[in-house]
Amino acid sequence: MIATALERVMRQDRGRLLAALIARTGDFQRAEDALHEAAASALVHWSRTGLPDRPEAWLLRAALRKAIDAWRREDRAARNSADLLHLAEEEASAPDPDQIPDERLRLIFTCCHPALDQKTRVALTLRTLCGLTTAQIAAVYLDAEPTMGQRLSRAKAKIAAAGIPFAVPGAEAWSERLNSVLTVIYLVFTSGYTAGPAAGRDLCDEAIFLARMVLALRPGEAEAEACLALLLLTHARRNARTGADGATVPPAKQDRALWDATAIGEAGVLLAGHHPEAPFRLKALIARAAMTAPPDWPATAALYARLLAFEDTPVTRLNHAVALGEAEGPAAALSALLPLAPALAEFQPWHAAMAEFLSRAGAAEAARAAYDQAIHLTENPADRAFLAARRAALAGESPR
Amino acid sequence: MKYMALIYTDPALTPEMGAKMNSDYLDFTRRLREAGAMLAGDALHPVSTATSVRVRAGKADTTDGPFAETREHLAGFYMMDCPDLDAAIAWAAQIPGARHGTVELRPVVVFG
């Protein structure tokens with residue numbers, strides 16, 4: 001019973017406690033160790049004395065004490081006397097979590113700092129803010145647990161040694177750094193969307209939780225609203241994206257009755273109003289255009305063209321080409337797709353798009369070869385089933 | 001914190017150290033100094049003038065030039081005093097060599 005209560009508190013308040021501890025100790029690893037030790041002693045104490053009135057306050061106080069103990073053990077009192085004094089004061093004043101400023105915005109900006117590589121940003125965010133274990137994060141990436149453990153400890157060591165500030169960036173770096181945070185949240189979501197619930201955690205829910213957290217700490221931030229809208233719109237279709245036969249169903253062909261109307265409604269509210277053009281806003285508007293009946297392809301193509309001004313990547317060009325093809329016909333798609341061949345030769349969606357538009361252009365033979373290539377590159381069974389069905393339909397149209 | 005900014009450039013791609021480049025570096029150095037962030041900084045002669053020294057089994061072995069055939073060579077450095085990595089990155093991005101080469105930022109170990 002106590003173990004369950006502790007687990008619930010840790011699940012709910014871990015990010016907040018950790019952020020408060022990092023703000024006070026200036027050290028990721030120390031904060032994490034202290035909280036870990038505090039949780040272990042909570043289990044012992046609470047079993048004896050019962051659940052305290054404010055379990056999270058108890059944990060924070062205990063963790064601060066553990067951090068001070070660790071500091072004293074290291075006998076670095078002379079150099080860190082100021083930190084120690086500060087910590088001791090905190091401890092003596094028996095902090096009330098409601099009085100503690102929520103430091104999680106600083107935490108997520110630090111975890112998503114551009115001086116860390118992208119995979120590390122995602123892993124560190126899942127670890128510190130979502131409370132996933134190293135094993136759970138390793139499972140997301142199909143990495144060995146020790147490999148992921150090393151990545152996380154290298155990152156924490158770099159944050160300390162390289163002087164990555166535990167801070168929310170100033171105005172001059174704000175939009176770029178916010179984009180880095182939102183991109184990490186989006187990557188958490190797509191990992192969940194591709195993999196489904198892994199190791200007992202649904203990363204789609206975690207991503208939505210993170211987006212809501214950023215928004216709660218920075219209300220009205222347009223790009224954060226747009227990011228949440230994008231996640232909600234995609235998540236709204238989760239029950240419709242695979243057919244009874246297990247194959248992927250594109251949004252235009254999905255059963256709308258299976259869409260989550262509440263989520264779509266919330267996304268609509270988030271996207272209302274006029275805001276300056278920015279990447280997540282454009283992506284959310286693209287997601288919405290794909291869900292109108294029938295899908296508004298000319299608008300989608302125009303939105304992708306505007307997105308290219310921010311993110312001129314081969315994948316964005318591919319998406320633009322597909323929308324262009326839907327709006328204007330296969331010739332437009334193929335002439336936009338062909339130049340992308342060198343960059344996307346190993347990218348399944350490029351072959352799938354080539355196959356689709358070659359088939360529409362009447363080049364069945366070339367389409368068949370492109371489907372083969374796409375199927376060969378697909379790891380997802382639902383996508384493979386979809387592509388195989390398209391290829392079979394092709395064979396049916398033009399028997400050899 | 002102390003940061004070493006190591007400036008790596010490709011000699012083949014480096015715009016000739018003409019008047020413009022010289023004045024860009026002078027200007028950057030002046031601003032860094034005025035901000036109180038400049039600890040040291042210099043340009044290096046090309047890699048063709050380098051000598052590599054290794055001591056093996058107590059014996060110094062000297063070879064002409066660099067070890068590795070890399071495209072970008074160490075061309076100069078700044079030692080900077082900055083409050084954190086964000087400030088160091090902001091300065092590094094203004095080093096003229098960053099426009100055509102790479103600036104590697106390394107925190108300096110503090111002993112004692």
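In what follows, every chain begins at residue 1, and chains take the letters A, B, ... in the order their sequences are listed. Note: hydrogens, waters and symmetry copies are ignored here, and every other heavy atom, side chains too, is used.
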Taking atom [atom1] of [X] and atom [atom2] of [Y], what is their separation to the nearest 0.5 Å?
X	Y	atom1	atom2	answer
A/Leu107	A/Glu103	CG	CD	9.5 Å
A/Thr25	A/Leu35	OG1	CG	11.0 Å
B/Phe77	B/Asp42	CZ	CG	5.0 Å
B/Ile89	B/Tyr3	CD1	OH	8.5 Å
B/Asp24	B/Lys20	CG	NZ	3.5 Å

**Message:** Less than 4.5 Å apart, side chain to side chain, heavy atoms only: is that true for B/Ile7 and B/Tyr25?
**Reply:** yes
**Set of residues satisfying side-chain contact (heavy atoms from CB on, under 4.5 Å) with respect to B/Arg33, sequence neighbours excluded** =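 Applying side-chain contact (heavy atoms from CB on, under 4.5 Å) to B/Arg33 gives B/Thr29, B/Met38.
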Within [range], which positions have a heavy-atom distance to chain B below 4.5 Å?
range	value
residues 112-130 of chain A	A/His113, A/Ala115
residues 218-228 of chain A	none
residues 146-160 of chain A	none

**Asked** Just wondering, more than 12 heavy atoms not from A/Glu346 lying within 6.0 Å of its CD?
**Response**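 Incorrect, the count does not exceed 12.
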**Item:** CZ (B/Arg106) with more than 12 external heavy atoms under 6.0 Å
**Value:** no
**Message:** With a 4.0 Å cut-off on N to O distance, would you call A/Arg65 and A/Asp69 a salt bridge?
**Reply:**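 Not counted as a salt bridge, because no side-chain N and carboxylate O are separated by less than 4.0 Å.
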**Message:** Ring-plane angle category for A/Phe109 and A/Trp174, please: parallel below 30°, perpendicular beyond 60°, tilted otherwise.
**Reply:** tilted
**Message:** Looking at every heavy atom in both A/Ala161 and B/Pro107, which two are closest together, and how far apart are they?
**Reply:**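 Looking at all heavy atoms of both residues, the closest pair is O-CB, 3.2 Å.
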**Prompt:** Would B/Asp27 and B/Arg30 count as a salt bridge (Lys or Arg N to Asp or Glu O under 4.0 Å) if you check the C-alpha gap in whole Å, the side-chain angles of each, and the deciding distance to 0.1 Å?
**Reply:** CA-CA 5 Å; B/Asp27 179 55; B/Arg30 182 183 49 76; 2.5 Å; yes
